[in-house]
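This report refers to the structure that appears directly beneath it.
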Amino acid sequence: MKTHQFEVLVVGAGGAGLMAGLYASRTASTAIITKLYPTRSHTGTAQGGIGAALGSVEEDHPEWHTYDTVKGSDYLGDQDAIEFMCNEAVQAIYELEHMGLPFDRTPEGKISQRPFGGHTNNVTGKPVSRACHAADRTGHMILQTLYQQCIKNNVTFYDEFQVVDLLMVNGAAAGVVAIELASGEMHLFHAKTVIFATGGHGRIWEITSNAYAFSGDGPAITMRRGLPLEDMEFFQFHPTGIYKLGILITEGVRGEGGILINGLGERFMERYAPTVKDLASRDVISRAIYLEIRDGRGVNGQNYVYLDVRPESVNKYAALDGRKNPDGSPFVVTGEQILAKLPDIVDFCRVYLGVDPVTQLMPIQPTAHYAMGGIPTNKYGEVISNEENTTVPGLYAAGEVACVSVHGANRLGTNSLLDLVVFGKYAGLRAAEFAKGAAYQPLPADPAAFARAQFDQFLTADGKENAFDIAREMKKVMFDDMGIFRSGQGMQNALEKIRELQARFKHVRVTDTGKIFNMELINAWELGNLLDLAEVTTVSALARTESRGGHSREDYPDRDDKKWLKHTMAYLRENGRIELKYKPVVITKYQPKERTY
Ligand SMILES: Cc1cc2nc3c(=O)[nH]c(=O)nc-3n(C[C@H](O)[C@H](O)[C@H](O)COP(=O)(O)OP(=O)(O)OC[C@H]3O[C@@H](n4cnc5c(N)ncnc54)[C@H](O)[C@@H]3O)c2cc1C
């Protein structure tokens, strides 16, 4: 087996992985392994913006950003980590700017900012402009900028290598096993430190904004190695996906003045969030859309409502809301301005829907979007192995795969891109520092044995089952019973179905026995990851008998701080069962209170 050795190994080349690799490579030998070509990572699809209280266009403070994030998290976020992220945010944006990221500008040349859901002026409660953006291609620009910086810093890249196992020796990270997709060969990467930055797992659900690559490889791998997963029951549904397709329409559309209307032509968010209306947090708006549809106020009785960004509507509602420009003049937009600020959104709608958002309404429905839960870490990206926050030597995680936890039960828009650059940076710095004082762990006799066993199964199984059927059934039951609203009975049904699918999965046989880009084999392994994460998500959700953030139960509609102000830690035990434990939420300044918008 081909073997490589690096002090720092980063798995994943999205925003978090590139930032980690960039910082680690300043002092340690560093490689980034990625199953996709780096600039195809999901970060490249992020549209609306990255949050930081720069105060470019109106008064703002990191403390307001901190409070909004705590409130948005429905008080489940760890407040020390949130404060750290929001204070680091301003510096992080200027750093990206100095690396060459082409942010949009205000007429005076400052970095342009726009409003986003849940971000407010803490004095008036009104939306505040906190999202820094490069048109509606912010993630694309971050990814390109960081990739160029990594190339400049001589980071070694292993593109189109799929990591399939983590090696742990003496309780510490020792490297990874990966498959080179072009040859099908297994490679061994021996390392002093490993940083997981593999992104999310939103392909569990039927309607999703997530890329095909979001198969949860990172958490599935670490869970099989005995490490816990934190708060997996919390998954965010974004209110505005393109009807039936799930493709995301950024919240930036509402930041630019777009509004939601139901089948009766009502601006229904006035009823659910009287102060911030269409800019309430995502969990609140997704539930409102669901209820409108359930009560028969979808458009034409169908499962969708409209998003309206036609200039005449924007201007009408901006006047009713008394919205002003920073200089005090009334807020008015033209079709050209919509086109300039949201070019990709206009394009998506024209291509996928045949609808022109400047003159027509966009049919939308909530879409599975973001994993709040994941591999538990502290605020330096160090992975935690238990409820006492004990760190695992040499193991790190950052980005959507990690649970720091800064997003708690519900993430605010723009805070993920921020999370990537802040915690990616610290994970990279910490890993490089650790590597300096650490030796390479000795490797086990047959390091690839566990990985090989997982793949051999697909070549020897009896072939009675088909992976596509299993994937389809998983996505459907998770969308129906583990979606925006949940109930004990529905979740129990989902769990039984997932366990049945896991049993059927053992019979899946891959028909392509070739070695070169055998994506049938790789996709089968990825489906196993999704099934395992669907099970953990459902088990964690069933136990939590309350509603909080993205976890909304019809049988337990209230938040229950007495019993449930705590993080779930889920472990896969050797007998195949999932065991749940809990750890306290870190509360510093903000005592939990009722959330109103
Ligand atoms: C459509 C869309 C729009 C969004 N818009 C915004 C926004 O405007 N603002 C905001 O803050 N957030 C936004 N988000 C959320 C945010 O973009 C993501 O959470 C974030 O980009 C994830 O970054 P990451 O670095 O963690 O992972 P990714 O960018 O997804 O990168 C994951 C990397 O891991 C690699 N990888 C995965 N598994 C393996 C494996 N087994 N072996 C090797 N490599 C592997 C992949 O190749 C890839 O390079 C959006 C998300 C979506 C889906």
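Counting starts at 1 for both ligands and their atoms, in listed order.
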By the side chain to side chain donor-acceptor pair (under 3.5 Å) test, which pairs, at least two apart or in different chains, include something from residues 409-422?
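Sorted result for residues 409-422: His65-Asn415, Thr69-Asn415, His119-Thr414, Gln236-Asn410, Asp283-Asn410, His407-Asp419.
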Using a strict cut-off of under 4.0 Å between a residue heavy atom and any atom of ligand 1, list the qualifying protein residues by chain and number.
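Near ligand 1, by chain and number: Val11, Gly12, Ala13, Gly14, Gly15, Ala16, Ile33, Thr34, Lys35, Leu36, Ser41, His42, Thr43, Thr45, Ala46, Gln47, Gly48, Gly49, Phe161, Gln162, Val163, Ala197, Thr198, Gly199, Ser209, Asn210, Phe214, Asp217, Leu248, His369, Tyr370, Gly399, Glu400, Arg411, Thr414, Asn415, Ser416, Leu417, Leu420.
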Which donor-acceptor pairs under 3.5 Å do side chains of residues 179-186 form with protein atoms, sequence neighbours excluded?
unit_1: Glu180; atom_1: OE1; unit_2: Ser183; atom_2: OG; d: 2.9
unit_1: Glu180; atom_1: OE1; unit_2: His187; atom_2: NE2; d: 3.1
unit_1: Ser183; atom_1: OG; unit_2: Glu185; atom_2: N; d: 3.1

Aromatic ring pairing Phe505/Phe458, orientation class (parallel under 30°, perpendicular over 60°, tilted between)
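Ring orientation of Phe505 relative to Phe458: perpendicular.
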Name the orientation class of the two ring planes belonging to His4 and Phe189 (parallel below 30°, tilted from 30 to 60°, perpendicular beyond 60°).
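It falls in the parallel class, under 30°.
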Ring-face cation of Lys244 near Tyr304 (centre distance under 6.0 Å, axis angle within 45°)
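Verdict for Tyr304: no cation-pi partner in Lys244.
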Using the side chain to side chain donor-acceptor pair (under 3.5 Å) criterion, which residues pair with Gln457? Sequence neighbours excluded.
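So Gln457 forms no side chain to side chain donor-acceptor pair (under 3.5 Å) with any residue.
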